[in-house]
Each structure stands twice: as structure tokens, then as C-alpha cells.
Participant: 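Pasting a structure here, questions to come.
Sequential numbering from 1 along the given sequence is applied to the chain's residues.
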Amino acid sequence: MFEKIRRLFVIKTKFEVYLITYALALGACERGKLYLDQYPGFGGWLLFVACTGAVFMAGAKMLDAIDYQKAYGPE
């Protein structure tokens, strides 16, 4: 029973990674817009770039993890 529930939260394909990265990017851009309102100028833009940069790093790490899992197995 718990195995079936756990499988729902396992990322298996690159398509799933792209969907998750897209959702993270939408949230990061929304948060970045709020930063631009709170901190106008260079500081706001710096925080905006930090939000979106974190999403790109997380997406790349998830894509690498999918490749490693296919090459070496689940463990």
C-alpha cells in the first residue's frame, strides 16, 4: 500500500522533470516580481536573478539524476 503511494512521488522521466521545472520557474518569477516591487533597483533585480538561477540549477540536477538512475539503477 505504501509502495503505491510512494511511487506517486518518484520522478521517472525527463518529461516529468520539465513539468516540475516549469512549475518551479513560474513560482520563482512570481516571487521575483514581488522582490522587484519591494526592492526597486539593482537589489531587486539581483534577487530576481537569484530566484530564477536556483530553478535552473535544480532542473539541471534533476535531469542528471534521471540519467544516473537509468545508467546505474534505482540504488
Side-chain angles (χ1 to χ4, degrees):
M1 166 94 175
F2 291 116
E3 182 66 28
K4 288 183 181 181
I5 294 172
R6 188 181 73 88
R7 283 187 6 214
L8 292 173
F9 298 100
V10 176
I11 303 168
K12 298 176 195 88
T13 64
K14 287 187 179 185
F15 180 71
E16 292 172 347
V17 171
Y18 292 133
L19 289 177
I20 292 168
T21 304
Y22 178 73
L24 288 173
L26 286 178
C29 287
E30 187 65 31
R31 184 67 207 161
K33 286 194 311 190
L34 293 174
Y35 280 142
L36 288 174
D37 290 340
Q38 287 180 331
Y39 307 105
F42 182 71
W45 281 105
L46 195 63
L47 290 170
F48 186 92
V49 169
C51 286
T52 55
V55 172
F56 288 126
M57 288 189 291
K61 190 69 171 176
M62 286 188 286
L63 284 171
D64 286 343
I66 294 295
D67 290 337
Y68 290 145
Q69 185 178 11
K70 285 183 181 177
Y72 298 111
E75 296 274 332

Participant: Please answer: with hydrophobic residues joined when any side-chain heavy atoms are less than 4.5 Å apart, are Met1 and Phe9 in the same cluster?
Facilitator: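 Met1 and Phe9: one cluster.
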Participant: Kindly compute the distance separating CD1 (Ile11) from CG (Leu63), expressed to the nearest 0.5 Å.
Facilitator: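 These two atoms lie 9.5 Å from each other.
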Participant: Looking at residues at least two apart in the chain, or sitting in another chain, which of them share a side-chain hydrogen bond (donor to acceptor under 3.5 Å, both in side chains) with Asp37?
Facilitator: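 With sequence neighbours excluded, Asp37 shows a side-chain hydrogen bond (donor to acceptor under 3.5 Å, both in side chains) to no residue whatsoever.
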Participant: Tell me if the centroids of the rings in Trp45 and Phe42 come within less than 6.0 Å of each other.
Facilitator: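 Between Phe42 and Trp45, which both carry aromatic rings, the centre distance is not below 6.0 Å.
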Participant: Measure the shortest side-chain to side-chain distance between Lys14 and Asp67 over non-hydrogen atoms and say whether it is less than 4.5 angstrom.
Facilitator: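 Lys14 reaches Asp67 side chain to side chain.
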Participant: Where is the tightest heavy-atom contact between Lys70 and Lys12, given as atom of each residue plus distance?
Facilitator: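 Scanning both residues completely, I find the closest heavy atoms to be CE-O, 4.5 Å.
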Participant: Contact between Leu46 and Tyr35 at the side-chain level, heavy atoms closer than 4.5 Å - yes or no?
Facilitator: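 Leu46 vs Tyr35: side chains apart.
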Participant: Quick one: does Leu26's side chain get under 4.5 Å of Glu30's, heavy atoms only?
Facilitator: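 They are not in contact (no side-chain heavy atoms under 4.5 Å apart), so the answer is no.
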Participant: Minimum heavy-atom separation for Ile66 and Val17, please, with both atom names.
Facilitator: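 Smallest interatomic distance, heavy atoms only, reads CG1-CG2, 3.7 Å.
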Participant: If hydrophobic clusters are built from ILVMFWY residues whose side chains come within less than 4.5 Å, do Leu24 and Tyr18 share one?
Facilitator: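 The answer is yes; both residues are in one hydrophobic cluster.
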Participant: Can you name the residues that form a side-chain hydrogen bond (donor to acceptor under 3.5 Å, both in side chains) with Lys33, not counting sequence neighbours?
Facilitator: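 Expected list: none.
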Participant: With a 4.5 Å heavy-atom cut-off, do Val55 and Thr21 have their side chains touching?
Facilitator: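 Val55 vs Thr21: side chains touch.
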Participant: Determine the minimum heavy-atom distance between Gly44 and Leu36, stating which atoms define it.
Facilitator: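 So the minimum-distance heavy-atom pair works out to C-CD2, 3.5 Å.
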Participant: Taking transitive links into account, so neighbours of neighbours count too, which hydrophobic residues share a cluster with Val10 at under 4.5 Å side-chain distance?
Facilitator: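 Reading the cluster by chain and number, Val10 sits alone, since nothing else belongs.
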